[in-house]
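Working notes, beginning with the structure itself.
Only heavy atoms go into these numbers, but all of them, side chains included; no hydrogens, no water, no symmetry mates. In the text below, chain A, chain B and the rest are named by the order of the sequence lines, each starting its count at 1. Computed from a predicted model, the values in this text were never measured in an experiment.
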There are 2 protein chains.
Amino acid sequence: MPQPDNNTSSIKMLNEDVYPKLASLFKLFGDTTRLRILHALEQKELCVGDLAALLDITESAVSHQLKALKLSNLVKYRRDGQSVFYSLADDHVKILIDIALEHIME
Amino acid sequence: MPQPDNNTSSIKMLNEDVYPKLASLFKLFGDTTRLRILHALEQKELCVGDLAALLDITESAVSHQLKALKLSNLVKYRRDGQSVFYSLADDHVKILIDIALEHIME
DNA sequence: TGAACATTTGAGCAACTGTTCAATTGTTCA
DNA sequence: TGAACAATTGAACAGTTGCTCAAATGTTCA
């Protein structure tokens, strides 16, 4: 006769190296400053100085955060003269923020 | 004649109290343990002991994390005898994880 | 080239986070 | 009621994070 299943035997987990990658990605959205940067970049390509002025934080702080966002391919950039213009790398950012907004609005 | 616009005047930010709420929500997804819990609960209602055994962590650690997930309405629960069974509160969790998976798979 | 502007970088530090451990609370059943 | 099982709680600690400050790097233009 079949052994009684324990309650978790049917659960399929992802490969264990996927969770840290997911967590690193979500961590980037888990900070007010980075969210404000991303939300601004949803609307318009902006340079470091623009973002610093708009969000009222230092250019250094902006640059540090953009570096993190860049490393995870959430933003892309192009240099134009002295300025470096940043924009969203793809539309996943907007989608993620929109879904999260839906959740908190309930 | 119209003043030359600065580069950020057209940007519409959300109410400033929304970003901390969004950040708090995303922070919950920014941890490997919580992601594994959420991913398991996507598939099946589970109690604390099930999760602890499945993920090979202490029941205390599971309980601490479930408390955080509960406070943000990501999971719901029902007591059945000695056990407390947890499940996802809505489908936003699955959607968010799926979009994030899409991003890291690129 | 040199001055001015824009951005990046690295070190240091205060604040926050996730875990462990021990104690407590809740539930069942003999 | 009391023993056993399940879950929760709070304090404490190590590790991480985001900012500031100062210095360095890039770029333009006179």
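- The side-chain ring of A:His64 is not stacked on the base of D:dC19, judged by centre separation under 5.5 angstrom and plane angle under 30 degrees.
- For the salt bridge (charged side-chain N to carboxylate O under 4.0 Å, His left out) condition, the pairs that include at least one residue of residues 87-97 of chain A, sequence neighbours left out, are A:Lys94-A:Asp98.
- Taking the six-membered ring for Trp and thresholds of 30 and 60 degrees, A:Phe29 and B:Phe26 have ring planes inclined between 30 and 60 degrees apart.
- Remark: B:Asn73 CG to A:Ile104 CD1 distance equals 11.5 Å, nearest 0.5 Å.
- If you find the closest nucleotide of DNA chain C to A:Val84 and to B:Asp80, the one lying nearer the 5' end belongs to A:Val84.
- OP1 and OP2 of D:dA6 both lie 4.0 Å or more from every side-chain N or O belonging to B:Tyr86.
- B:Lys67 places its NZ atom 22 Å from the P atom of D:dA6, with the value rounded to the nearest Å.
- Not counting sequence neighbours, the partners of A:Tyr19 by the ring pair (Phe, Tyr, Trp, His ring centres under 6.0 Å) test are B:His39.
- A:Arg78 meets the side chain to side chain donor-acceptor pair (under 3.5 Å) test with A:Glu45; sequence neighbours excluded.
- Atom pair A:Arg79:CZ and D:dT25:P shows a separation of 14 Å (rounding to whole Å applied).
- With sequence neighbours excluded, the residues forming a side-chain contact (heavy atoms from CB on, under 4.5 Å) with B:Ala23 are A:Thr32, A:Leu35, listed by chain and number.
- B:Ser63 comes within 4.0 angstrom of a nucleotide base, judged by non-hydrogen atoms across all strands.
- A salt bridge (charged side-chain N to carboxylate O under 4.0 Å, His left out) check over residues 15-32 of chain A, counting only residues at least two apart or in different chains, returns the pairs A:Glu16-B:Arg36.
- Shown here are the side-chain contact (heavy atoms from CB on, under 4.5 Å) partners of B:Val84, two or more places apart in sequence or in another chain: B:Tyr77, B:Arg79, B:Tyr86.
- Nearest-nucleotide mapping onto DNA chain D: of A:Gly81 and A:Ile57, the residue sitting toward the 5' end is A:Ile57.
- Of the residues in residues 26-51 of chain A, those with a non-hydrogen atom less than 4.0 angstrom from any atom of DNA chain C are A:Cys47, A:Val48, A:Gly49.
- Sorted by first then second residue, the salt bridge (charged side-chain N to carboxylate O under 4.0 Å, His left out) pairs that include residues 49-73 of chain B, not counting sequence neighbours, number zero.
- One can place CD of A:Glu59 at 15 Å from C1' of D:dC19, the figure rounded to the nearest angstrom.
- In the 5' to 3' direction, nucleotides of DNA chain C lying under 4.0 Å from heavy atoms of chain B begin and end at C:dT17 to C:dT28.
- Out of D:dC19, D:dT8, D:dG26, the shortest distance to the side chain of A:Gln65 is found at D:dC19.
- Counting any heavy atom pair closer than 4.0 Å across all strands shown, A:Ser83 reaches sugar-phosphate atoms only and no base atom.
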